[in-house]
Amino acid sequence: MEFASSPDEYMPTFYIGQHESDRTRVTPELLRQAQDCNYDMLTTPITTPHFHSRVLTLLSNHLNELESQPTRSIPAPVIPSLSPFDTPLAPGETISQLLAVVSPWIDLCSPDPAVYNISRQVLELEVAYAAFCGIGNIILPSPKLHQGKLHGEGVTQYAYAVQEALNIGNYIQMSISLPMMDNPEQNSDEVVGSLAERARAKYLGLSENGSQKNSMEELEENEDGGTVIFSRKNSARFDFFGTWDAWNVIRTLCKYNNRLSVALSIPSHLPPLSVSSRWHSEPLRLLSITSKTFFKNPSGYPAFTHNHQALLTRYMGGIRNPPWLLLYDVGPIPGFENPETIVSAADGVLSPSEAADPPSPTPAEASQLQRKGSKKSTKTVNDPTPHLNYLRYLQSHQPPRTILERFGAGYQDYLQAPLQPLTDNLESITYEVFEKDPVKYDQYLKAIQQALIDWRDQSKRASGPNGRIVVAVAGAGRGPLVTRALQASDATGIPIELWAVEKNTNAFVLLQRHNEETWANRVNLVKSDMRSWKGPLQENVPQRSGCTGHWPPPRNEDDASNASMTSEAAPPPEPQPPTHGLIDILVSELLGSFADNELSPECLDGILPLLNPTHGISIPCSYSAYLTPIAAPKLHADVAARAPNDPEAPHTPYVVMLHAIDYLSTTLRPSTSRSATSESAPTPVPNIVEAWSFSHGPMNALPTASTNLHNTRHARLTFNLRDRAVCHGLAGYFEAVLYPGVELSTNPLNMEEKSPGMMSWFPIYFPLKNPLYAPDASTLTVSIFRATDNRKVWYEWMVEAWSNLIGGIGSGEKKRVRLGVSEMGSSKKGGCMM
Ligand SMILES: C[S@@+](CC[C@H](N)C(=O)[O-])C[C@H]1O[C@@H](n2cnc3c(N)ncnc32)[C@H](O)[C@@H]1O
């Protein structure tokens, strides 16, 4: 197939910017020089050190006043509007190539109201002025999660400030700087002149002399008479999901505003895969990379460890708008001091030794290596922008995209309403897209071939009037399965009588044309709904004794697959009343992304009574639907944005190529990687669980079914979570057994074994109207129903979150407490008409 074999000429786009913490302004010359070096953009502060000292003075005066007159109510000071001395920015042609950085010295999480108030004013002034100048992107400082003995208390007020700022700069994209995980020790890396330092001790839970008393220590001392003291190291524990949790609060309060995103700092030592997977599901606009993210390789060149390279590929790969990369404090723009200097552009061309991987450090080695790399390396690198050059090198060495990535380019996270091929007549272009998937049709070919071979080898009685096996393709579309049935017959040498049934009158025109032009009129075409078809017509077919219904047919028989042909040798038979025969092998492809969602069960119910009752075969013979809960913030934001105009949006199961998602329930499988870092520790594999299945064969034919109740289904599935998360919905997949040993699967757990490279179906997404939060070590219970009223079919779904607590003190008993229940999603209004 064309796109499977053509070389992948796609080259990912890396937009790379540069940030210097002590830069005070960006001149057009500096920007030009940076672009000559092959940077795409630079960061700029919005205000100057002059403004900073003005604000510090204002705050100090205010705090002094408050201290000297403790009983008076003194209003917070108002920062006077910006003067030309306060900002280096001005509107101009180059503004679109600048990323504006909000002053890092504010503290929007401060428990001290004076500090918070001033910080908010700074934020609002800076955002308003940057917006005025035409800045498109702003980077906000990280929320300060540890304040004295307080932990995470300031996140909501930070979120409130961001929400207000979003209203000021109506077109500005805001990215919040966040480390991948919460490391309280890093949090203490203070910015010079930070307002946080001015916060008063009484708000930080500190004694007047500034010493910190931990609330856990107090608790333990009270309860146990001071026998157990928590060490500071323990109380300030490393929290892998701490910064994600803060982000979740902020974006939730900001109602998943699509102008709000994350500027994620990539650390030198990567957290477990579950953490990087979580961030992968979030709107990453920037990846911040400092010189510490690199390790020196044996040539002394700064390079990424194997795991960092894999992370970058994961975050950047296969998407239309990958995050931008921002190099933080990796050295000044070369040649700027002397504009006459000619600086070569970082073109990413490195020798093998320059591009070699550095050794992958263990956690303990990471910091040591860092120091060794930066201080003790004797190798000197003759490259003024080695970090940039290395990233450009990685850009040109990204792995080629998989078939699925190529096919799905542009479809990632794009919500589509599922097809309803029963109610609607599909367009030719839709069939054309199906037909581009060679894998599905190869599997059908294998299944039909095997069914024919087994039929012959088991000497089963066939239903054709001349002893041929009767094959019917139900829902033939433009005919690809008809072609496969003919190929199977030709390849096995087993003659068949072939029927093709299609209700789409437009597609039927093409079937007729194919029959004449490519199938040599070997196919009996029927324009009908398969449920009202009476079966293969046997009128005028002479019934010759000794050759009816048995394998093999007589050797000298004509190729009489066309039902209107008669034998020349025998005398003309007596005309017989029209009769309808049976189908031996029924081939259909009526599957949707959740197997039964395009009403395959209902359609097949109508034709299964025609199946040979003893030996009949349905291809597929069974299919099952699978589910797993996911975090999908991007999809949630998209559905929520549609809801005001379309109240059914949160009640629609969508077909979507899932990309920015995180599987919430996973099992750790041992990794095969050799590296000793945590990134190569056991790999989380999603728990994807069967909801229900349908089987189709002679045993399942229901000639007298008067209701559709037998096609209802219900499942209640339990998923254990290790890490706290937000569930935005359910991802649905399917597996189908075409014929024993020949399967189709979209289930990520086995699709590569069962039908590798198949791309006919994207997964299905059942959204939750309101996301459901679940803490660490909790359980999600999914209830899902396939419902019918005999006119249509629809789904209903809901999720419950449970905490798994240990019962009362000393009891040790496990106790489940329901933490929350989602609304019931229901596609009843948009259900599939039967
Ligand atoms: C998913 S398409 C598959 C088409 C084709 N077999 C292929 O694999 O490319 C399903 C086809 O079944 C047809 N179809 C669906 N329900 C049908 C019914 N009840 N009777 C006849 N045709 C039906 C649709 O019109 C459509 O052409």
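What you see is a predicted model; the values in this text were computed from it and never measured. Residues: numbered from 1 along the sequence shown. When a ligand or atom number is given, it counts from 1 through the structure's own listing order.
The N/O atoms of K440, backbone and side chain alike, include one that comes under 3.5 Å of an N/O atom in ligand 1. Taking any N or O of D529, backbone or side chain, at least one lies under 3.5 Å from an N or O belonging to ligand 1. Between E435 and ligand 1, not a single N/O pair is under 3.5 Å apart. The distance criterion of under 3.5 Å between nitrogen or oxygen atoms is not met by E598 with respect to ligand 1. Every N/O-N/O distance between V501 and ligand 1 stays at or above 3.5 Å. Inclusion of L426 in the set of residues having an N or O under 3.5 Å from an N or O of ligand 1 is not warranted.
The protein heavy atom nearest to atom 22 (N) of ligand 1 is K503 CG, 3.2 Å. Counting protein heavy atoms only, atom 16 (N) of ligand 1 is closest to L422 CD1, 3.6 Å. Of all protein heavy atoms, the one lying nearest to atom 20 (N) of ligand 1 is M530 N, 2.9 Å. When hydrogens are left out, the protein atom nearest atom 10 (C) of ligand 1 is E589 O, 3.6 Å; that is the closest non-hydrogen contact. Here the heavy atom of the protein found nearest to atom 6 (N) of ligand 1 is G475 O, 3.0 Å. Ranking the protein heavy atoms by distance from atom 25 (O) of ligand 1 puts E502 OE2, 2.7 Å first. For atom 26 (C) of ligand 1, the nearest protein heavy atom (residue, atom name, distance) is Y431 OH, 3.4 Å.
K527 and E502 are not joined by a salt bridge, as no carboxylate oxygen comes within less than 4.0 angstrom of a charged side-chain nitrogen. Checked for salt-bridge contact, E796 and K828 miss the test: no charged N lies under 4.0 Å from a carboxylate O. Salt bridge present: D638 and R642 bring a charged side-chain N and a carboxylate O closer than 4.0 Å. The residues E497 and R468 are annotated as not salt-bridged, no charged nitrogen and carboxylate oxygen being separated by less than 4.0 angstrom. Ion pairing between a basic and an acidic side chain is recognised when a charged N comes within 4.0 Å of a carboxylate O; D596 and R786 show such pairing.
Between the side chains of R461 and T614, no donor-acceptor pair of N or O atoms lies under 3.5 Å.
Ligand-side atoms of ligand 1 in range of P421: 15 (C), 24 (C), 25 (O), range being under 4.0 angstrom from any heavy atom. With ligand atoms numbered from 1 in the order given, ligand 1 contributes 7 (C), 9 (O) to contacts under 4.0 Å with heavy atoms of P480. Listed by number with element, the atoms of ligand 1 under 4.0 Å from a non-hydrogen atom of C603 are 16 (N), 19 (N). The atoms of ligand 1 that sit less than 4.0 Å from any heavy atom of G477 are 4 (C), 27 (O). Proximity to L481 (heavy-atom distance under 4.0 Å) selects the following atoms of ligand 1: 6 (N), 8 (O).
Smallest separation of non-hydrogen atoms from F762 and S593: O-OG, 2.7 Å. Minimum interatomic distance between S489 and I494 (heavy atoms only, all atoms of both residues): OG-O, 2.7 Å.
Note on ring orientation: taking the six-membered ring where Trp is involved, the planes of F766 and F594 are perpendicular (angle over 60°, cut-offs 30° and 60°). Ring geometry for H696 versus F694: interplanar angle under 30°, hence parallel rather than tilted (30 to 60°).
For N425, the side-chain hydrogen bond (donor to acceptor under 3.5 Å, both in side chains) criterion is met by K503, not counting sequence neighbours.
Residue contacts with ligand 1: Y441 is included, with a non-hydrogen atom under 4.0 Å away. Not close to ligand 1: A507, with no non-hydrogen atom less than 4.0 angstrom away.
Checked against the 6.0 Å centroid threshold, F734 and W761 count as a close aromatic pair.
Here L590 has side-chain heavy atoms under 4.0 Å from ligand 1, and that is the only part of it that gets that close. Within the 4.0 Å heavy-atom criterion, the part of S528 lying near ligand 1 is the backbone and not the side chain. At a heavy-atom distance under 4.0 Å, only backbone atoms of A476 (N, CA, C or O) approach ligand 1.
A side-chain contact (heavy atoms from CB on, under 4.5 Å) with W797 holds for exactly one of S783, P653, S826; it is P653.
The cationic group of K440 lies under 6.0 Å from the six-membered ring centre of F434 and within 45° of the ring axis, placing it in a cation-pi geometry.
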